[in-house]
2 protein chains.
Amino acid sequence: MTLEDLITSILPLNAEAMRAATQRQDMLTKPQGSLGRLEDFSVRLAGIAGKLDIPMKRKRVIVIAGDHGVAAEGVSAFPQEVTPQMVVNFLHGGAAINVLARHVGAEVSVVDMGVAADLPDHPKLFKRKIAYGTANIARGAAMSREQARLSVETGIEIFERLFESPGIDLVMTGDMGIANTTPSSAIIAAVTGKPVEKVTGRGTGIGDEALAHKIEVIKQALAINKPDPSDPLDVLAKVGGFEIGGIAGVALAAAAHRVPILVDGLISTAGALLAAELAPRSREYMFSAHASVERGQQAALQRLTLEPILDLNMRLGEGTGGALAAFVLEAAARILNEMATFTEAGVSEE
Amino acid sequence: MTLEDLITSILPLNAEAMRAATQRQDMLTKPQGSLGRLEDFSVRLAGIAGKLDIPMKRKRVIVIAGDHGVAAEGVSAFPQEVTPQMVVNFLHGGAAINVLARHVGAEVSVVDMGVAADLPDHPKLFKRKIAYGTANIARGAAMSREQARLSVETGIEIFERLFESPGIDLVMTGDMGIANTTPSSAIIAAVTGKPVEKVTGRGTGIGDEALAHKIEVIKQALAINKPDPSDPLDVLAKVGGFEIGGIAGVALAAAAHRVPILVDGLISTAGALLAAELAPRSREYMFSAHASVERGQQAALQRLTLEPILDLNMRLGEGTGGALAAFVLEAAARILNEMATFTEAGVSEE
C-alpha cells in the first residue's frame, strides 16, 4: 500500500459509539461530568474502537532511534555515541522506558532507522537503517525526499507488522537520537511559522550560551533549506530526522487501523504534527501524553488542538510520558466498561 | 495510644535516604533531572521509607463515609439517601473508586463513621458510626469536641488495624457524604482565613443560585460557631464532619508509621489540612493526588505547600484521584529501583 492509499484509508471516528459512550457516562453512579477528562477520553476511545467495550490489553511502545548530522554543531550535552548505547540499554531493559512500560503492562519494540553505528541483532530490535545518521541540517538537507518517504513508510511497516501479530490496542511512540530536539524544533518552526526562539529548548540540559547557539543553528537550517510548510515530506527531508519520519508513519498507520496513539514529548509531537499535516484526520486518533519541558511542543500541540494528559516536568522522551499516560487512558476505558449505573446499583439520581 | 502520643511519634524524613536517592537519580541512564517530578517523588518516598528500595505493593484506599445535617439547607444536588446507597455500591465494587483501585492494584476498605442510615454487615465495611450524621452547622456545632476527637482517633484505629494486617505501603484517602463539600469549604475558610467565596465550589454540580446560597450557609456556619483557627479539633467539631476527622486520623497514623499518604480532592485535603495543623510534620508524608475542580482545595494545598500530581478536571472524591496518582508514585519508586546506571549500561555521560 502506498503512503497516499494509507492516508485515504483513515476514516472518521464512529459518531454512534461516541454518542452511546456519552449516554452511558451520564448513567454511571457519579455526578455527571465529575470524572472530567477521563469521561472525554472514554468517549473518544469509543469513537476510535467503534464500540463501548474498548480494548486496551495489548499496549505497545515503539521507540525509534536515529542520529543527526547536526550533532556536529554542538547542540547537545551528550556525545553521539550515546544513541547506540541507549538502544542497547533499551534492548537490555535498563532504560526509563523499559521500567515504565513494564509498570503499565506494555511491550517495547525498538527500531534502528538511522543510528550512526552498527547494532547487534536482538529479537526486540527492528533493523531498518536508512543511513548512518542524517546529514547536518545547518549545511544542507537532512535527507533526500525518497529517504523521507521511506522513513514514514518504514514506521507504517513496523506498526502493521506488530498490529498483525501480536496485535496492538494502544500504541505509544518514543524516540532516541542525540541532538534530535534540534530537528524537532526546526520542523515545528517550519510548520507552525512560529519564531525559532519560541520553539527551541534546552534538550538534554544545555546552558544559556549553547541554547543561543542552538537557536542560531536552527535559524540557519531553515534559511539554507527553505522547507515548504505546505509539503510535510519536504519539511521532513530538509530539516527532519529518520526517527521523526518513522513516528509520523506509526501515527498514520495507527489511525488507519483505528488504534489510539499516545504521543510523547517534543520529538514525538513533531512526528505527529507531520502526520496530521499529511492526513488531518489522523489527529482524531491522537492523545498527547504529557506536557514536555521543551517549549516547542506547545506550539505543535496548539496546531494539533491536543491538550496533554500529564504535566510532570518531564523531558526525557523515549515514550516515557506515553507509558505513564497509558494508565490514564486505560482507566478511562475501564470506568466506561466497569462502573455500575444508577439503576444497577439502586442509587438515587439528582 | 492517645492522639497526642501519636502526634509526638511522627518523625522527620530520613535525610540520609533522601541524599542517597538524589545521588542515585543522577547516576541513572537519563539526562539529570529529565524525569522531573518523578525524581522528586522518588526522593521523598525514599525519605519516608528510610531506604531506596521503596515498598509499594500493598496499596490501600480507605473510604470514609458520613452524613451532614447541613444537607437540610439544600446545599447539594443529590438527596442524603445517596450516601448509604453509594456505600453499598462501594461494597459491591460498582463505584468509580472500585474500578480505579482494581486498575492500580489497590484494596478498598470502607468505613461508616456517621452515615444517617443503618448499613448491612460486609467484610469490607468497618462499622464505626459516631452518630447518624452531624448536626446542621448552619444552626450550631457539627458535633461535640469529644466526637471530633473520636472521629480522628477512629481514623487512626482503622489505619493501624490495616497496617498491622495485611499491611500498608501506600494509603489513599477517600470520602463519601452528601453535602460534604460544605463543611470542607468551611474548614478551609476557618483555617486559612480566606473569604468563603474563594473556597466554595459547586460540589456535585449545583447552579449559580444554589452556589450563592451555599456560600451564605457557610458564612452563617462560621458566624454562629466561631471556630478557633488555632485549635484544629475545635474547627472540626464546629464546622466539620465525621469522615473529615477520620481522614485526618488516617493521615496522622500514616505519618506516624512512615507510610506515604495520597490525599484526594477537596474533602480529603480538608482532612489533611486538619492533620497538618495538629502535627505539622505529617505534611512531609503527604502527596496531593490531583487538582480538584473545587476551588477551596487550592487554598488548602497552598497552606500545605503541596502541588497536585494530576489535573484531569475531576471532582468526584471517593479517593478516585488518589488511585490514579498511585500509579505515578509507584512509577517514581520503580524508576529509582529498576533503571540501570550509566556504569551498569555502559552509556557515556555528558
Side-chain angles (χ1 to χ4, degrees), chain A residues 28-41 76-79 81-82 85-86 88-89 92-96 98-100 102-104 203-205 293 309-318 320 323-324 327-328 330-331 334-335 337-341 344-350, chain B residues 28-41 76-79 81-82 85-86 88-89 92-96 98-100 102-104 203-205 293 309-318 320 323-324 327-328 330-331 334-335 337-341 344-350:
Chain A
L28 299 177
T29 44
K30 57 179 172 51
Q32 284 191 14
S34 61
L35 282 176
R37 295 188 72 197
L38 285 193
E39 300 189 19
D40 304 337
F41 297 150
S76 175
F78 284 84
E81 70 209 39
V82 168
Q85 289 168 347
M86 282 301 297
V88 171
N89 198 15
H92 292 171
N98 301 106
V99 176
L100 297 179
R102 281 197 294 272
H103 187 34
V104 81
T204 45
V293 171
I309 296 172
L310 301 171
D311 184 358
L312 294 166
N313 211 25
M314 287 162 58
R315 53 178 171 84
L316 177 55
E318 299 180 4
T320 48
L324 282 174
F327 182 81
V328 176
E330 202 173 352
R334 291 188 69 166
I335 284 288
N337 292 321
E338 296 180 25
M339 263 186 80
T341 63
E344 284 164 5
V347 173
S348 309
E349 295 189 58
E350 58 183 304
Chain B
L28 300 176
T29 43
K30 57 180 173 49
Q32 283 192 12
S34 61
L35 283 176
R37 295 187 72 197
L38 286 193
E39 300 187 17
D40 305 336
F41 298 150
S76 174
F78 284 84
E81 72 210 38
V82 167
Q85 289 168 348
M86 283 302 296
V88 171
N89 197 17
H92 292 170
N98 301 105
V99 176
L100 297 180
R102 280 198 293 275
H103 187 34
V104 80
T204 46
V293 171
I309 297 172
L310 301 172
D311 185 358
L312 294 166
N313 210 26
M314 286 163 58
R315 54 177 169 84
L316 177 55
E318 300 180 1
T320 48
L324 282 174
F327 182 81
V328 177
E330 202 174 352
R334 292 187 70 167
I335 285 288
N337 292 321
E338 297 180 24
M339 262 186 82
T341 62
E344 283 164 6
V347 173
S348 309
E349 296 189 57
E350 59 183 300

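Numbers restart at 1 for each chain; the letters A, B, ... are given by sequence-line order, proteins then strands.
Interface remark: of the candidates B:D311, B:V88, B:L310, B:V104, B:V104 forms the most heavy-atom pairs closer than 4.5 Å to chain A. Put simply, of A:A345, A:A340, A:P31, the one with the most heavy-atom pairs under 4.5 Å next to chain B is A:P31. Your options are A:G33, A:A323, A:G203, and the one with the most heavy-atom pairs under 4.5 Å with chain B is A:G33. Counting heavy-atom pairs under 4.5 Å between each of A:E81, A:E349, A:M339 and chain B puts A:M339 at the top. Most heavy-atom pairs under 4.5 Å with chain A, from the set B:R334, B:E318, B:E344: that is B:R334. Across B:D40, B:T341, B:V82, B:L28, the residue that shares the most heavy-atom pairs under 4.5 angstrom with chain A is B:V82. If you tally non-hydrogen atom pairs under 4.5 Å between each of A:G93, A:G317, A:G205, A:G346 and chain B, the highest count goes to A:G346. Taking B:Q32, B:R315, B:R37 one by one and counting their heavy-atom pairs under 4.5 Å with chain A, the maximum is reached by B:R315.
Taken to the nearest 0.5 Å, the CD1 atom of B:I335 stands 8.0 Å off from the CG atom of A:L316.
Proximity of B:N313 to A:L38: side-chain heavy atoms (C-beta onward) are nowhere separated by under 4.5 Å.
Judged by distance alone, with hydrogens and angles left aside, the side-chain atoms of B:H103 form no donor-acceptor pair with the main-chain N or O of A:V328 at under 3.5 Å.
Look at B:R102 and A:E338 and you find a salt bridge, because one of the NZ, NE, NH1 or NH2 atoms lies within 4.0 Å of a carboxylate O, short of that distance.
Heavy atoms only, all atoms of each residue included: A:T29 and B:G94 are closest at OG1-O, 3.8 Å. Nearest heavy atom pair, residue B:L312 against residue A:F41, reads CD2-CE1, 4.1 Å.
At a 4.5 Å heavy-atom cutoff, the contact between B:E330 and chain A is made by backbone and side-chain atoms alike.
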